[in-house]
Structure formats: C-alpha cells, structure tokens
Amino acid sequence: MTPAISKLIFVALVIGWYLIRYEYARRSRREKIVSSARGPLETALLLISLSGLGLVPLVYVATAIPRFAACSFYPSFGWLGFFFAIAALGMFHLTHRALGRNWSISLDVRENHELVSNGIYRRIRHPMYSAFWLWAIAQALLLPNWVAGFAGLTGFGILFFGRVAREERMMLETFGDSYRAYMERTGRIFPSIL
Ligand code: SAH
C-alpha cells in the first residue's frame, strides 16, 4: 500500500458510491413527494456534508492542498481504510436496494411511502448513515492529511447530528405507532441487541 494507491481507493469509493446512487436517484425523481422537511437548514447541511466527504478530499487528491496539513502515511492505515471503503459500498448497495422508491437525498415523504423495516433495516434505523460513517472513517484512514482526512467525519457528523432527530420526528408523524415500535427494536446506526 502506497499513498498513491490509497488516494486511488478513495476516488474509487466516490465513483462506486455515485454509480450505486445514480440509478436510484433517477428512479426516485419520478415518485411524487407529499410532504417534506426541506428548507435552508437541510440545504446547508447537505452542502457541508458534500464538501467534507467529496469536495475537500477530492481537491486534496488532485492538488495535495492544504499542504500545511500533510501528515505521515502508514500502509496499515491504508489497508484498514480499504476495508472500511468496501464495507461502506456494500452497505450503500444494501440500503439503496431496501429503500428503493422511498429514498430521498433530503427529508421527504413520498406518495404511498412504505416504512422499510426488513433487510439491512431490520436492526438498524439509519444504515445509510452507518455507511456514510464508514466512508468518513475510510477517508480519515486513506488520506494522509489532517484537513482532507477528517473533513468527512466533521462534515457528515454535522449533517447526521443536525438531521437524524428531525428525520425520526418526520417518520413518527407519518407512521405513528409502527415507527415507535420499530424504534424500540432497532438502534440508530448500530444494531440494537435484543
Ligand atoms: N436515514 C435512513 C434513510 C436515509 S434517506 C438511513 O440512513 O438508512 C432519507 C429518506 O429516507 C427520508 O426522506 C425518509 O423519508 C426516508 N426514510 C428513512 N427511514 C426510512 C424507513 N425506515 N423506511 C422508509 N423510508 C425511510
């Protein structure tokens, strides 16, 4: 494992994520939205997360900027990052497959929205966010730069903590007791052990 390969793995992670998401995003555009929690806060959170997981690290991979934040590269970190990246992509695939037409980039309720509580959603309420956490950890391990490496954890962390409670409130308003029961048997990003 070299720094160059490690950076390539990060780029492959971004491309892999885009390829998995593209088809679902295209299909979900056809599904009517009946209510939404979109607004300036959601837009700001999305932009922060997109910068942290994508823009900042990709600028670093292309230019080595910000140079002042360069740090040492350890091959073992690179390997570990590779395994986290594979796990993130595997989880993205499973979550998109399970959510299907109910997926949205933001907080929307679609016409005939179904509460998904099987597959990867059986024990975890927000497995897609678990996948983004895995991505952010992979990024910190793969990119030997304090700013670019940790931008993902910071950027996605802000989105996660700014959004997850509002998302659960929206799900509770939509699905009532079924979501309440679902919350009791699941964990947010780790399976809750019954
Ligand atoms: N938080 C989830 C989904 C992220 S996508 C995860 O991390 O896996 C965001 C959209 O998913 C929101 O618009 C919300 O309406 C929808 N959503 C969240 N949980 C859901 C569930 N269990 N079943 C169906 N839709 C869900």
Side-chain angles (χ1 to χ4, degrees), residues 13-14 16-54 84-139 152-194:
L13 169 63
V14 178
W17 166 79
Y18 183 79
L19 292 177
I20 291 170
R21 172 149 291 187
Y22 179 81
E23 187 50 30
Y24 290 98
R26 199 177 63 83
R27 269 189 255 163
S28 80
R29 269 199 290 273
R30 289 199 294 251
E31 304 292 339
K32 221 173 125 194
I33 293 170
V34 290
S35 69
S36 178
R38 288 186 192 223
L41 172 65
E42 260 303 302
T43 309
L45 291 175
L46 273 172
L47 285 175
I48 291 169
S49 181
L50 203 73
S51 310
L53 291 167
F84 272 92
I86 302 258
L89 287 179
M91 256 182 115
F92 272 125
H93 172 69
L94 294 176
T95 51
H96 272 292
R97 203 175 61 180
L99 265 190
R101 59 180 291 285
N102 304 296
W103 176 80
S104 284
I105 191 162
S106 192
L107 296 185
D108 304 321
V109 177
R110 297 195 182 267
E111 200 169 52
N112 303 318
H113 201 112
E114 281 166 59
L115 174 62
V116 176
S117 57
N118 47 25
I120 188 95
Y121 283 83
R122 205 176 143 79
R123 291 267 175 269
I124 314 177
R125 284 200 294 289
H126 303 288
M128 198 174 285
Y129 300 157
S130 315
F132 276 114
W133 280 118
L134 292 173
W135 167 328
I137 295 169
Q139 180 177 333
L153 284 166
T154 314
F156 181 69
I158 292 171
L159 172 90
F160 179 79
F161 290 109
R163 182 196 257 192
V164 75
R166 285 182 305 121
E167 179 165 346
E168 294 186 342
R169 221 174 300 133
M170 189 181 88
M171 293 282 103
L172 278 169
E173 279 163 19
T174 311
F175 299 105
D177 285 342
S178 351
Y179 196 74
R180 208 160 288 122
Y182 176 60
M183 285 178 91
E184 271 165 28
R185 56 176 196 269
T186 51
R188 263 186 174 155
I189 53 168
F190 291 113
S192 83
I193 292 138
L194 289 173

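Any value given below was found using the heavy atoms of this structure, including those in side chains, with hydrogens, waters and symmetry copies removed. Counting starts at 1 for both ligands and their atoms, in listed order. Computed from a predicted model, the values in this text were never measured in an experiment.
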**Student:** For Tyr182 versus Tyr121, what's the shortest heavy-atom pair and its separation?
**Tutor:**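 Looking at all heavy atoms of both residues, the shortest contact is OH-O, 2.6 Å.
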**Student:** Does a side-chain N-to-carboxylate-O contact under 4.0 Å join Glu31 and Arg101?
**Tutor:**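 A salt bridge links Glu31 with Arg101.
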**Student:** Report each N/O pair between ligand 1 and the protein that falls under 3.5 Å, naming both atoms.
**Tutor:**
unit_1, atom_1, unit_2, atom_2, d
ligand 1, 1 (N), His126, ND1, 2.8
ligand 1, 1 (N), Glu167, OE2, 2.6
ligand 1, 7 (O), His126, O, 3.3
ligand 1, 7 (O), Met128, N, 3.1
ligand 1, 7 (O), Tyr129, N, 3.0
ligand 1, 8 (O), Tyr121, OH, 2.6
ligand 1, 8 (O), Pro127, N, 3.4
ligand 1, 8 (O), Met128, N, 2.9
ligand 1, 13 (O), Ser106, O, 3.1
ligand 1, 13 (O), Asp108, N, 2.9
ligand 1, 13 (O), Asp108, O, 2.9
ligand 1, 15 (O), Asp108, O, 2.8
ligand 1, 22 (N), Val116, O, 3.0
ligand 1, 23 (N), Val116, N, 2.8
ligand 1, 25 (N), His113, NE2, 2.9

**Student:** Within this structure, what is the CZ-CG distance for the pair Arg97 and Leu99, rounded to the nearest 0.5 Å?
**Tutor:**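 Going from CZ on Arg97 over to CG on Leu99, the span is 12.0 Å.
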**Student:** Less than 3.5 Å apart, any donor N or O on the side chain of His126 or Glu168 sitting next to an acceptor on the other?
**Tutor:**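 Distance-only check passes for His126 and Glu168.
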**Student:** Examine Arg21 relative to Tyr24 and say whether NZ or CZ is less than 6.0 Å from the centre of the six-membered ring and inside a 45° cone about the ring axis.
**Tutor:**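 Not satisfied by the 6.0 Å and 45° rule.
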**Student:** Any donor and acceptor pair, going by atom type alone, linking the side chain of Ser130 with main-chain N or O of Ile189 inside 3.5 Å?
**Tutor:**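 Judged by distance alone, yes, a pair lies under 3.5 Å.
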